[in-house]
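Below: the structure, in structure tokens.
Each residue takes its place number in the sequence, starting with 1. As the structure lists them, so they are numbered: ligands from 1, and atoms in each ligand from 1.
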Amino acid sequence: MASGVNIDLSGRGALVTGAGRGIGRATALKLAAAGAKVIVNYNSSQSAAEEVVEAITSAGGEARLYQADVSKSEEVDAMINVLAKEWGAVDILVNNAGITRDNLMMRMSSDEWDAVIDTNLRSVYYCTRAVLRTMLRNRWGRIISVSSVVGLTGNAGQANYAAAKAGIIGFTKSIAREVGSRNITANAIAPGFIETDITASLPAEVKEAMLKGIPMGHYGQPDDVANIALFLASDLASYVTGQVINADGGMVMY
Ligand code: NAP
């Protein structure tokens, strides 16, 4: 029997950071398929991002490409200002952009620390700050940030990444408290091991060890995360805020 559940994001503007590849790409495609008009932000992967825009528009959706390094406040502010004039409001923000620069603490350079904190955490602050005023005025908004199970558990060799991803969780809960009364929700998604470029370079033995810790017995796919972003962006999640939702096949339970 049909459930009658239908996610309709038509009339909503969405910005997905780092949407040319991986989880960001899958999320942009899902939001657009549900009717949102989507900004496909990228930093360096221009042709991949162009393909995402092409996939959306050829399926009858609406999308626009925008290059910006989201670790730089001036680039984020310029992006949001241009979009406000030429395109409309960002109602749904998906803070997805992220990098790794793994190293053991005793060897981790300041550059490795800064790159990860700037790209994975500062960007969340810059993008949220830039879109929040309009969300407050419109009394509707969705802030969805991609954290990680590593932000919950920690991981040897990833102190910079874990700090950024845990930071996203504290940030999300604070924003949820600040703006909940204005019908704006803020939630985080904590993926486990998702097959994308970021995990492709891990040594085979590390991947095998991780697989043993996944009760469902297989790695996740970008759509497993994108489906949660779609839910959080929708009216189905209108009473969900300040939460961390894992997409990890049961890797971390708490
Ligand atoms: P990915 O395939 O390597 O994609 C990373 C994305 O981030 C790319 O689209 C990249 O854009 C973008 N990006 C990096 N620096 C940027 C910057 N300064 N400005 C704008 N965009 C930037 O990795 P992924 O797995 O899809 O990761 C997406 C998010 O999920 C990240 O936050 C990651 O930490 C998180 N995550 C992933 C996993 C996993 O297992 N895959 C697990 C937990 C959390 P360009 O290519 O254009 O530079």
Side-chain angles (χ1 to χ4, degrees), residues 15-30 38-53 65-80 93-102 112 114-127 130 144-155 158 160-169 171-172 188-202 206-207 210-211 213-214 218-229 244-249 251-252:
L15 165 63
V16 182
T17 67
R21 299 188 284 123
I23 291 167
R25 176 182 186 279
T27 302
L29 293 173
K30 288 264 174 201
V38 178
I39 294 295
V40 175
N41 160 258
Y42 70 97
N43 185 29
S44 55
S45 301
Q46 184 175 342
S47 58
E50 282 170 353
E51 279 171 30
V52 176
V53 170
L65 199 63
Y66 204 104
Q67 193 281 332
D69 177 346
V70 293
S71 71
K72 300 206 163 77
S73 66
E74 61 281 9
E75 294 195 23
V76 171
D77 289 346
M79 171 168 65
I80 299 303
L93 168 66
V94 182
N95 288 308
N96 166 77
I99 58 168
T100 51
R101 295 286 182 275
D102 297 352
E112 287 166 337
D114 289 345
V116 170
I117 297 297
D118 289 356
T119 305
N120 298 13
L121 183 58
R122 273 183 184 274
S123 66
V124 174
Y125 158 59
Y126 293 148
C127 291
I144 301 159
S145 302
V146 182
S147 175
S148 167
V149 291
V150 167
L152 297 164
T153 62
N155 195 23
Q158 289 198 308
N160 49 0
Y161 188 78
K165 294 303 188 181
I168 285 178
I169 293 171
F171 178 88
T172 295
I189 305 174
F193 189 112
I194 309 296
E195 287 187 306
T196 66
D197 294 343
I198 222 171
T199 45
S201 57
L202 289 172
V206 173
K207 288 187 194 173
M210 282 184 141
L211 193 56
I214 302 173
H218 61 88
Y219 303 124
Q221 297 303 314
D223 272 353
D224 294 320
V225 182
N227 283 330
I228 297 176
V244 184
I245 302 182
N246 287 28
D248 66 354
M251 211 173 168
V252 174

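Judged as a salt bridge (charged side-chain N to carboxylate O under 4.0 Å, His left out), and not counting sequence neighbours, the contacts of Lys72 are Asp69.
Note that CD1 of Ile228 and CG of Asn246 are 8.0 Å apart. Values are rounded to the nearest 0.5 Å.
Annotation: side chain of Ser123 is not in contact with side chain of Asp118 (no heavy-atom distance under 4.5 Å). You'll find the side chain of Leu93 stays beyond 4.5 Å of the side chain of Ile144, heavy atoms only.
Contact record, Val70 with Cys127: CG1-SG, 4.0 Å, taken as the closest heavy-atom pair.
Taking a heavy-atom cut-off of under 4.0 Å, ligand 1 is surrounded by Gly18, Arg21, Gly22, Ile23, Asn41, Tyr42, Asn43, Ser44, Ser45, Ala68, Asp69, Val70, Asn96, Ala97, Gly98, Ile99, Thr119, Val146, Ser147, Ser148, Tyr161, Lys165, Pro191, Gly192, Phe193, Ile194, Thr196, Asp197, Ile198, Thr199.
A donor-acceptor contact under 3.5 angstrom links the side chains of Glu195 and Gln221, judged on distance only.
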